[in-house]
Amino acid sequence: MVVNRDGPVLVEGPVEVVGEDGTTTRSDRFVVAICTCRRSRTYPWCDTSHRRRKPAGPSESRPDSRQPQGGEEESRP
């Protein structure tokens, strides 16, 4: 098993995942990416939705150290 800090948990398959409601989902793939952010449309399997999540914390600050003011939009490349 490989745990990615900002991504899925990679598990060698085949894998069975038992959800909170008791349903069992199975994959026979040789490596399975299990979603940890719960944004995946194919949950419990990862569909890379975590890549669209905005980072949290100080990394959101602007390079010029200014924070966006009300109504000011931050442009991103």
Undergrad: Would E16 and T25 count as a side chain to side chain contact (heavy atoms under 4.5 Å, CB included) if you check the C-alpha gap in whole Å, the side-chain angles of each, and the deciding distance to 0.1 Å?
TA: CA-CA 6 Å; E16 283 188 358; T25 308; over 6 Å; no
Undergrad: Assess whether side chain to side chain contact (heavy atoms under 4.5 Å, CB included) is satisfied between N4 and L10, documenting all intermediate values.
TA: CA-CA 8 Å; N4 295 309; L10 302 177; 3.9 Å; yes
Undergrad: Please say which of V32, V11, V17 ends up in a side chain to side chain contact (heavy atoms under 4.5 Å, CB included) with S27.
TA: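 Of the listed options, the one satisfying the test is V32.
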Undergrad: Honestly curious: do V9 and F30 fall in one hydrophobic cluster under the side-chain, below-4.5 Å linking rule?
TA: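 Looking at the clustering, F30 is in a separate group from V9.
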Undergrad: Considering all heavy atoms of both residues, which atom of P8 and which atom of T36 are nearest to each other, and what is their separation?
TA: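 That would be CA-OG1, 4.4 Å.
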Undergrad: Same cluster for I34 and V18 if Ile/Leu/Val/Met/Phe/Trp/Tyr side chains link at under 4.5 Å?
TA: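 Hydrophobic grouping puts I34 apart from V18.
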Undergrad: If Ile, Leu, Val, Met, Phe, Trp and Tyr residues are connected whenever their side-chain heavy atoms lie under 4.5 Å apart, and connections chain through other members, are V2 and V31 in the same group?
TA: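 Per the 4.5 Å side-chain linkage, V2 and V31 are co-clustered.
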Undergrad: Main chain of S49, side chain of S40: is a donor-acceptor contact present, judged purely on distance under 3.5 Å?
TA: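 Flag not set: sc S40 to bb S49 has no pair under 3.5 Å.
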Undergrad: Above 12 or not: heavy atoms from other molecules or residues under 6.0 Å from CZ of R41?
TA: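 For R41, atom CZ is not crowded (no more than 12 foreign heavy atoms under 6.0 Å).
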Undergrad: Over all heavy atoms of both residues, which pair between D28 and P14 is shortest? Give the atoms and the distance, please.
TA: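 The answer is OD1-CB, 3.7 Å.
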Undergrad: Of all the heavy-atom pairs spanning V15 and E12, show the shortest one and how long it is.
TA: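 Scanning both residues, the minimum pair turns out to be CG2-O, 3.6 Å.
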